[in-house]
Amino acid sequence: DEVKNKLRIVICGKGDLEAAIRSRSENDQCLVFAGWRSAAELRELMQRSDFGILPYPSTKDFLASFPNKLGEFLSFGLPVMTGLGGVSGAMLKERALDLKYETGNIASARSVLTGIAEDRFDFPEMRNRAVQAYADLFDPEKILPAFGDFIEQLADIGKRP
């Protein structure tokens, strides 16, 4: 299949589905199960990637928060393929960084992957927007001082009569 020949999806980590993913990847050239990787190896992999995938379910906790992996992808300038809505999905859509598919819909995910393989996305421009989103929303050098200021303001409010 021409689409599969243009894609390499690398899955890293450990977990409940490890054996099933490892087994599936043995017979599929576009799917690579890399297992647990060091921080240096992940950095190298993400520097060579065009996009990240957040295949999380749309549960209340994922809809109401930003998963750590989202900030990590953005820090490397990666747009994100996901079915998530909520705050993550809204932010990605607002900044034109979403490679959106419908969660649980194989045809929808296939359509996005086909679009990627057929170069329908402007990845250099998306990369620039992803780096900016990271700087605006996730960069600890910027976020932690702002959070400290917020906490101080809350403390001041408590001191007022």
### Message
Taking CD in Gln47 as the centre, count heavy atoms belonging to other residues, nucleotides or ligands within less than 6.0 Å. Is the count above 12?
### Response
yes

#### Entry: Spacing of OG belonging to Ser88 relative to CG belonging to Leu63, to within rounding of 0.5 Å
8.5 Å

### Summary
d(Ser49 OG, Phe73 CZ) to nearest 0.5 Å is 8.0 Å

### Query
Above 12 or not: heavy atoms from other molecules or residues under 6.0 Å from CD1 of Ile151?
yes

### Query
Distance-only, no hydrogens or angles: does the Ser23 side chain make a donor-acceptor pair with backbone N or O of Ala19 under 3.5 Å?
no

## Note on the structure
Distance col, row Ser38:OG vs Glu44:CD, nearest 0.5 angstrom, shows 10.5 Å

## Note on the structure
Phe138 meets the ring pair (Phe, Tyr, Trp, His ring centres under 6.0 Å) criterion, sequence neighbours left out, with Phe66

### Task
Nearest 0.5 Å please: distance from the CG atom of Leu113 over to the CG atom of Leu99.
9.0 Å

### Query
Quick one: do Phe121 and Phe51 end up in the same hydrophobic cluster if we chain Ile, Leu, Val, Met, Phe, Trp and Tyr together by side-chain heavy atoms under 4.5 Å apart?
yes

### Task
Spell out, yes or no, whether Val131 and Leu97 are grouped together once hydrophobic residues are joined by side-chain heavy atoms under 4.5 Å, including indirect joins.
no

### For Lys14, side chain to side chain contact (heavy atoms under 4.5 Å, CB included) partners two or more places apart
Glu18, Trp36

### Task
Return yes if some donor-acceptor pair links the side-chain N/O of Ser108 with the main-chain N/O of Tyr101 below 3.5 Å, else return no.
no

### Task
Kindly determine whether Val80 and Asp98 satisfy side chain to side chain contact (heavy atoms under 4.5 Å, CB included), including the steps that lead there.
CA-CA 5 Å; Val80 180; Asp98 59 332; over 6 Å; no

### Query
In terms of hydrophobic clusters joined by side-chain contacts under 4.5 Å, are Phe147 and Leu137 together?
no

### Task
Test Asp28 against Lys4 for side chain to side chain contact (heavy atoms under 4.5 Å, CB included), laying out the working first.
CA-CA 9 Å; Asp28 192 335; Lys4 279 187 149 190; 3.2 Å; yes

### Query
Are Leu70 and Leu92 side-chain neighbours, meaning at least one heavy-atom pair lies under 4.5 Å?
yes

### Task
Could you tell me whether the side chains of Gln153 and Asp149 share a donor-acceptor contact shorter than 3.5 Å?
no

### Query
With sequence neighbours left out, what residues match Glu94 under side chain to side chain contact (heavy atoms under 4.5 Å, CB included)?
none

### Task
Find the distance between CE (Met46) and SG (Cys12) and round it off to the nearest 0.5 Å.
8.0 Å

### Query
Does atom CZ of Arg37 have more than 12 heavy-atom neighbours from other groups under 6.0 Å away?
yes

### Message
Could you list the cluster mates of Val32? Members are the ILVMFWY residues connected by side-chain heavy atoms closer than 4.5 Å, either directly or through other members.
### Response
Val10, Leu45

### Message
Just so I know, are the side chains of Thr114 and Glu2 near enough to count as touching, which here means a heavy-atom distance under 4.5 Å?
### Response
no

### Whether over 12 other heavy atoms sit under 6.0 Å from Gln29 CD
no

### Query
Around atom CG of Asn68, are there more than 12 heavy atoms of other residues, nucleotides or ligands at under 6.0 Å?
no

### Task
Identify the heavy atoms of Gly83 and Ser58 that sit nearest to each other, and give their distance.
O-OG, 3.8 Å

### Message
If I take atom CG from residue Asn105 and atom OG from residue Ser111, how far apart are they, to the nearest 0.5 angstrom?
### Response
9.5 Å

### Query
For Leu54, does its backbone N or O pair with a side-chain atom of Thr82 as donor and acceptor, under 3.5 Å?
yes

### Task
Check whether any side-chain N or O of Arg129 sits under 3.5 Å from a backbone N or O of Ala96 as a donor-acceptor pair, and report yes or no.
yes

### Fellow cluster residues of Ile143, listed by chain then number, with links counted only when side-chain atoms sit under 4.5 Å apart
none

### Query
Is it true that atom CG of Asp16 has more than 12 heavy atoms of other residues, nucleotides or ligands lying nearer than 6.0 Å?
no

### Task
Of all the heavy-atom pairs spanning Ala117 and Val3, show the shortest one and how long it is.
CB-CG1, 3.7 Å

### Query
Would a distance-only check, ignoring hydrogens and angles, find a side-chain to backbone donor-acceptor pair under 3.5 Å from Thr103 to Pro57?
no

### Task
Please identify each residue that fulfils ring pair (Phe, Tyr, Trp, His ring centres under 6.0 Å) with Phe62, with sequence neighbours left out.
Tyr56

### Task
Assess whether atom CZ of Arg24 is packed by more than 12 heavy atoms of other residues, nucleotides or ligands within 6.0 Å.
no

### Query
Can you check whether Asp50 reaches Leu78 side chain to side chain, under 4.5 Å on heavy atoms?
no

### Task
Without swapping roles, check the side chain of Lys100 against the backbone of Leu84 for a donor-acceptor pair under 3.5 Å.
yes

### Message
Tell me the closest heavy-atom pair linking Val87 and Ala64, and the distance in Å.
### Response
CG2-C, 3.7 Å

### Query
Just wondering, more than 12 heavy atoms not from Glu141 lying within 6.0 Å of its CD?
no

